[in-house]
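What follows is one structure encoded as structure tokens, with my remarks underneath.
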There are 2 protein chains.
Amino acid sequence: MADVAREAGVSVASVSRVLNGHPARPGTADRIRKAAAELGYLPDLAARSLKMRRTEQVSLVVDDLGNPAYIDMMRGVERVLRDAGYRLQISAIGSDADLGTSTALHTVSRGYADGLIICPLRINAELVQVLEASPIPVVVIGTLPRGARLDNVTVDSSSGVRLALEHLHGLGRRRVAFLGGPVDTNPGTRRLAGFRTAARALGLPGDPELESVTDAWTYEAALTAFDRLLGRTDFDALLAANDVLAIAAMHTLHRRGRRVPQDVAVVGVDDSEVTAFSTPTLTSVALGAQRRGAMAARLLLRRLADPEAPLRRLREVPRLQVRESTTGSAEPVGAGHPTAQPSTAAADPHAGPAEQEHR
Amino acid sequence: MADVAREAGVSVASVSRVLNGHPARPGTADRIRKAAAELGYLPDLAARSLKMRRTEQVSLVVDDLGNPAYIDMMRGVERVLRDAGYRLQISAIGSDADLGTSTALHTVSRGYADGLIICPLRINAELVQVLEASPIPVVVIGTLPRGARLDNVTVDSSSGVRLALEHLHGLGRRRVAFLGGPVDTNPGTRRLAGFRTAARALGLPGDPELESVTDAWTYEAALTAFDRLLGRTDFDALLAANDVLAIAAMHTLHRRGRRVPQDVAVVGVDDSEVTAFSTPTLTSVALGAQRRGAMAARLLLRRLADPEAPLRRLREVPRLQVRESTTGSAEPVGAGHPTAQPSTAAADPHAGPAEQEHR
DNA sequence: CTGAAAGCGCTTACAG
DNA sequence: CTGAAAGCGCTTACAG
């Protein structure tokens, strides 16, 4: 910047002003812009944000971008934030809890981002403590321990799982198996618990043989866990803890000559884009990832505008999106084109009846 | 930091030293750490990187994280960079070319990241100019205009398309249709051109009716473009410009009662995770997204270590991954478990014969 | 081992 | 409209 000032024969103050669009005499402005262009001057963002005390940037931390639900969530966050003039930075931290905490620690320092939205697969006390101590606003997507003093977006996944089970029950299925995610993750435990509760409520058999959990949220891991299930017991329906696991199961069923949905009806969770990728298309519990992302972004914007605002928790209400893997029909029960991208079709992040506010 | 110093009764210099692990008298160090913990002190990263002239952070800019190939690419970048002690920040810029340039402009400023890896769908002269003028090292993944002075990773997608066509030709297919991506994107044009060249080389009919292009790299857009193709002409094979488009086409074929591969053999491009999601599984041209990501990261690391190193271009060589959508068999022709995650199974980002160096 | 001081590259009242 | 100067929060020679 000093070079530009020298080249243009002005002070650095003028360079700063002109380059930031403040008024200046046309001749001066021209000289400065010309000099800046000639020298290929680009501002130093660290210096600027040190002085300005803001970065105009928000950080989104997720565990694994490989899960399409996170992509939807990111889209929701991005849209709201971009409209508000913030850029979005994404950190994918793998699913290492320690790494999560250290990434969080880094992010919540000042000077790196003005705010943080984090959606951790694992939430421990240490992480909560770090987030609560953050000098920049933080919004957590996911269920927090009681009493955590953080803005928060949740989804009642238990009721989502219940919707799925009621749907299967209504179709006459009585032996419903559960293909769960890793139980050392937050959604893994919660969806399993939700399955057990809902199964009991419906009077379905509480047979532990009907449950199998993966050790990762991946297609590969699902194949293994589902093989255990198949080798062990019989069932006429399967609820998988997310869409990718469900698709892996459907593939195995197809290879074994079991028909979906005639022999086994299959339901996934997340209602992500991949529900359209399988044959038959996949019935799934929509947890409103994109909407949750947008809700979290709006919560963050509010907190940025008013650091003293009371804590707030927003809760997304799940919906069931019925497709061929349970009904066999190409026509969906609800509205919408059967082959439309579900996440896009279903989610207007800016409004909707499924959003509930808490406290 | 001044607060911590006061609380601990030392100077800010000592606080800085202790918190950065430099030697200090144990008593002093303890007092400082205690004070920092009590006050919930977190360093200001803008100040630190202004002083240090480095952020220990690298930025990856991609157009659309919805495309699974980018996820693979990100994994490749992330692994190499993390091992080298850098954190990875991702910016998804949608596919807006202007936005791309302005994001790039922002990123290549100093103080935000130490280096940039960018994989743009559209590359124009303005973008190249901005990148060339960057004060921080830049690596571009994608084909650059001749003479661009930038470290670069490319893939010979034409030869990939040729592999696919030769495979289809070898299976006796003579009317091969092409479902292309948007022609205003770099890969969109290049893959279409590659198709035409390879078709001519094989003596296949150069019938324009066999070509249809989408206006977006999405499942939805593919349905529309593929309907045009179906309504217009007959074919016994389809090459789609990426996996998602291929899966959309397979779905339509399935709905119309056309068998894959018996009636129409289908090949995608990218060999992404979704190739396992469809029934039948999808034969696909692997463009080594994860490997390209890793190559780009290594190029960046090299440039970071030696700003004066000569420019370098690395070229990834495509491979064909044969699956059920062309052979009908559940057994792949090559090695590997048929249901394994292709991207993980196929790619060791750290080595391999498919990598070629140029100039 | 520790403190006082300079300086990283910006922005912005404050004068003129 | 423009310049001189202070200061954002760090780190690090330089003394002691």
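Quick note: numbers below take in every heavy atom, side chains included, and nothing from hydrogens, waters or symmetry partners. We name chains A, B, ... by the order of the sequence lines, and we start the count at 1 in each one.
Here C:dG9 presents its C1' atom at 19 Å from CZ of B:Arg54, a figure rounded to the nearest Å. Taking atom CZ of A:Arg48 as the reference point, atom C1' of D:dC10 lies 20 Å away to the nearest angstrom. Taking atom NE2 of residue B:His22 and atom P of nucleotide C:dC1, one finds them 12 Å apart after rounding to whole Å. Between B:Leu19 atom CG and D:dT12 atom P there is a gap of 13 Å when expressed in whole angstrom units. Look at CG on B:Leu45: it is 18 Å from P on C:dG9, rounded to the nearest Å. As a whole-Å value, the separation of B:Arg6 CZ from D:dG9 C1' is 14 Å.
Of the side-chain N and O atoms in A:Arg110, none sit less than 4.0 angstrom from OP1 or OP2 of D:dG9. Dashed line: the shortest gap from a side-chain N or O of B:Ser14 to OP1 or OP2 of C:dG3 is under 4.0 Å. An OP1 or OP2 oxygen of C:dC10 is reached within less than 4.0 angstrom by a side-chain nitrogen or oxygen of A:Tyr41.
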Pick out the pairs of N or O atoms, protein on one side and nucleotides 14-16 of chain D on the other, that lie under 3.5 Å.
none

If you restrict it to nitrogen or oxygen atoms, what contacts under 3.5 Å exist between nucleotides 5-8 of chain C and the protein, and what is each distance?
{"unit_1": "C:dG7", "atom_1": "N2", "unit_2": "B:Lys51", "atom_2": "NZ", "d": "3.2"}
{"unit_1": "C:dG7", "atom_1": "N3", "unit_2": "B:Lys51", "atom_2": "NZ", "d": "3.3"}

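Counting non-hydrogen atoms under 4.0 angstrom, A:Thr28 reaches the backbone sugars and phosphates but no base.
Here A:Ala133 pairs with nothing under the side chain to side chain contact (heavy atoms under 4.5 Å, CB included) rule; sequence neighbours left out. Evaluation of the side chain to side chain contact (heavy atoms under 4.5 Å, CB included) rule for A:Ile123 yields A:Pro120, A:Val128, A:Val140, A:Leu144, A:Pro145, A:Asn186 as partners, not counting sequence neighbours. Scanning for side chain to side chain contact (heavy atoms under 4.5 Å, CB included) contacts around B:Pro187 gives B:Leu121, B:Thr185, B:Arg191, B:Trp217, with sequence neighbours left out. Partners of B:Tyr70 under the ring-ring contact (aromatic ring centres under 6.0 Å, His included) rule, at least two apart in sequence or in another chain, do not exist in this structure. Residues satisfying the side chain to side chain donor-acceptor pair (under 3.5 Å) criterion with A:Thr55, sequence neighbours excluded, are A:Asp114.
A:Ser91 and B:Gln89 share a donor-acceptor pair across their side chains, judged by distance under 3.5 Å alone.
Under a 3.5 Å cut-off, the side chain of B:Asp44 and the backbone N or O of B:Ala46 do form a donor-acceptor pair.
Checking C:dT12, D:dT11, C:dG3 against every side-chain atom of B:Ser16, the shortest atom distance belongs to D:dT11.
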Only distances under 3.5 Å count here; give the side-chain donor-acceptor pairs of residues 28-37 of chain A to other protein atoms, sequence neighbours excluded, each with its distance to 0.1 Å.
{"unit_1": "A:Arg31", "atom_1": "NE", "unit_2": "A:Ala8", "atom_2": "O", "d": "3.0"}
{"unit_1": "A:Arg31", "atom_1": "NH2", "unit_2": "A:Ala8", "atom_2": "O", "d": "3.4"}

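A salt bridge is absent between A:Asp83 and A:Arg298; no separation between the charged side-chain nitrogens and carboxylate oxygens falls under 4.0 Å.
Judged as a ring pair (Phe, Tyr, Trp, His ring centres under 6.0 Å), not a single pair has a partner in residues 23-53 of chain A (not counting sequence neighbours). Residue pairs meeting the ring pair (Phe, Tyr, Trp, His ring centres under 6.0 Å) criterion with at least one partner in residues 131-154 of chain A, sequence neighbours excluded, do not occur; the list is empty. Evaluation of the ring pair (Phe, Tyr, Trp, His ring centres under 6.0 Å) test over residues 127-150 of chain B, restricted to residues two or more places apart or in two chains, returns none.
Comparing D:dG16 with D:dT12, their C1' atoms are spaced 16 Å from each other, to the whole Å.
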- request: Using Watson-Crick or G-U wobble pairs with both distances under 3.5 Å, give me DNA chain D in dot-bracket, 5' to 3', with [ ] for crossers and | for pairs to another strand.
  value: |||.||||||||.|||
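Remark on DNA chain D: of its neighbouring residues B:Leu42 and A:Arg25, the 5'-side contact belongs to A:Arg25, judged by nearest-heavy-atom nucleotide.
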